[in-house]
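Keep in mind that this is a model prediction, so the values were computed, not measured. Note: hydrogens, waters and symmetry copies are ignored here, and every other heavy atom, side chains too, is used.
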Number of protein chains: 2
Amino acid sequence: MGVFSKTCEYAIRSVFFIAHRTADGNRVGIKEIAKGIDSPEHFLAKILQDLSRRGIVQSAKGPNGGFYMDEVGLKRPLSEVVEAVDGKSIFIGCGLGLAHCSETNPCPLHHEFKAIRNQLKDLLEQTTIGHFNESPNLGITKLRK
Amino acid sequence: MGVFSKTCEYAIRSVFFIAHRTADGNRVGIKEIAKGIDSPEHFLAKILQDLSRRGIVQSAKGPNGGFYMDEVGLKRPLSEVVEAVDGKSIFIGCGLGLAHCSETNPCPLHHEFKAIRNQLKDLLEQTTIGHFNESPNLGITKLRK
DNA sequence: AAAATAAAAGAGTTTTTCGTCTTTTATTAA
DNA sequence: TTAATAAAAGACGAAAAACTCTTTTATTTT
């Protein structure tokens with residue numbers, strides 16, 4: 001089991017992909033995205049519909065349509081994508097699945113898990129969707145299986 | 001989505017519970033364990049059958065039977081429980097779900113994820129199943145929802 | 001205005017995870 | 001040696017996640 005759901009993995013990979021391909025103002029279609037990140041096309045379509053409704057990606061129908069991102073979108077943190085798809089639980093949930101685990105009522109591993117979760121939280125908050133557009137050597141090269 | 005599957009959460013909570021209740025040589029039945037950690041009894045039975053087959057917990061049938069742990073078992077790291085139930089993927093898998101992500105072929109977040117995963121790995125390797133038996137104030141008090 | 005394009009929406013199926021229920025087997029104690 | 005106990009095993013059932021296919025709607029270009 002990964003840290004994220006598969007849906008969320010596709011979401012992250014697709015926003016990186018869209019960010020990279022459309023920073024110049026172009027748009028990119030669902031087929032191309034699906035190929036570019038090795039995901040099932042129609043399943044990804046659902047995911048992007050959702051991200052589009054939430055304003056995380058933009059979309060346009062018709063010829064020359066497709067998905068794209070604006071300047072504001074590129075600056076959004078990855079944490080917004082994750083939260084939109086998987087919810088907040090990854091940032092706040094108990095590692096042992098206890099609903100009432102908290103600072104005052106901690107499970108055996110509460111504090112240790114908290115430290116790790118916070119690191120993940122920081123990473124996802126500090127990494128923007130457009131982050132890898134500026135680092136030409138790293139990044140986008142690797143989004144396929 | 002939590003870091004562990006629900007099955008694994010139940011597994012961890014149950015080994016902590018069994019360790020605590022049977023360090024003195026007693027045994028504890030499935031009903032009591034299920035109540036003690038707030039889990040579905042028959043589902044937990046399946047999980048413990050598996051852990052028993054793998055030698056992580058011991059079991060005995062019949063009157064005065066139940067689950068228990070020996071000295072060796074108490075010293076086992078929690079990572080063995082997690083690996084038995086959820087497999088290695090949590091320790092080695094790519095955060096973005098890419099099968100061929102690696103040191104030489106890293107995904108955009110490879111190095112960052114690796115650091116976090118390693119922390120989790122260390123925690124699970126350093127915490128033994130019997131760890132909380134010795135710390136009377138912390139620990140076992142909180143395994144129910 | 002018509003045809004082509006591409007996302008949105010709707011309605012499924014499949015697979016995996018989670019959970020339940022019943023029967024069987026092993027052990028112990030009366 | 002029979003009855004009681006408790007885990008093991010087997011066979012389901014339900015829900016969630018992952019994935020597919022078809023139809024509709026919006027847009028653009030000719």
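- Rounding to the nearest 0.5 angstrom, the gap separating the CD1 atom in B:Ile12 from the CD1 atom in B:Ile129 is 10.0 Å.
- Closest of all the heavy-atom pairs between B:Phe132 and B:Thr127 is CE1-CG2, 4.1 Å.
- With rounding to whole Å, A:Lys31 atom NZ is found 8 Å from C:dA6 atom P.
- Applying the ring-ring contact (aromatic ring centres under 6.0 Å, His included) test to residues at least two apart or on different chains, none of the pairs has a partner in residues 52-103 of chain A.
- Here the P atom of nucleotide D:dA8 and the CG atom of B:Asp50 are 11 Å apart, to the nearest Å.
- Contacts of A:Glu71 classified as salt bridge (charged side-chain N to carboxylate O under 4.0 Å, His left out), with partners at least two apart in sequence or in another chain: none.
- Atom C1' of nucleotide D:dA7 and atom CZ of B:Arg54 are separated by 18 Å, given to the nearest angstrom.
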* **Sugar-phosphate or base contact per nucleotide [nucleotides 25-30 of chain D; S, B, -; heavy atom under 4.0 Å]** => BBBBS-
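- Across all non-hydrogen atoms, the minimal contact from B:Leu109 to A:Leu123 is CD2-CD1, 4.4 Å.
- Annotation for A:Phe16 and B:Leu96: closest pair CE1-CD1, 4.4 Å, computed over non-hydrogen atoms.
- Computed from coordinates, the B:Asn26 CG to D:dA6 C1' distance equals 16 Å when rounded to whole Å.
- A salt bridge between B:Glu80 and B:Arg54 is absent, with no side-chain N of the basic residue lying under 4.0 Å from a carboxylate O of the acidic one.
- Here A:Arg117 contributes atom CZ and A:Asp122 contributes atom CG; the two are 12.0 Å apart, rounded to the nearest 0.5 Å.
- Here the straight-line distance linking atom CE of B:Met69 with atom OG of B:Ser59 works out to 12.0 Å at 0.5 Å rounding.
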* Structure fact -> B/S/- along nucleotides 12-23 of chain C (protein heavy atoms under 4.0 Å) is ------SBBBB-
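- DNA chain D is contacted by no residue of residues 78-101 of chain A, taking any non-hydrogen atom closer than 4.0 Å.
- In this structure, CD of B:Glu32 is placed 15 Å from C1' of D:dT5, rounded to the nearest angstrom.
- Taking 4.0 angstrom as the limit, A:Ser52 places none of its side-chain polar atoms (N or O) nearer than this to OP1 or OP2 of C:dA7.
- Residues A:Glu103 and A:His110 bring a donor and an acceptor atom of their side chains to less than 3.5 Å of each other.
- Distance B:Leu51 CG to D:dA7 C1': 14 Å, rounded to the nearest Å.
- Between B:Phe67 atom CZ and D:dT5 atom P the separation is 18 Å, expressed in whole Å.
- Within the structure, side chain to side chain donor-acceptor pair (under 3.5 Å) pairs that include any residue of residues 29-42 of chain A comprise A:Arg21-A:Glu32, A:Asp38-A:Arg144 (at least two apart or interchain).
- One can place CD of A:Gln49 at 16 Å from P of D:dC21, the figure rounded to the nearest angstrom.
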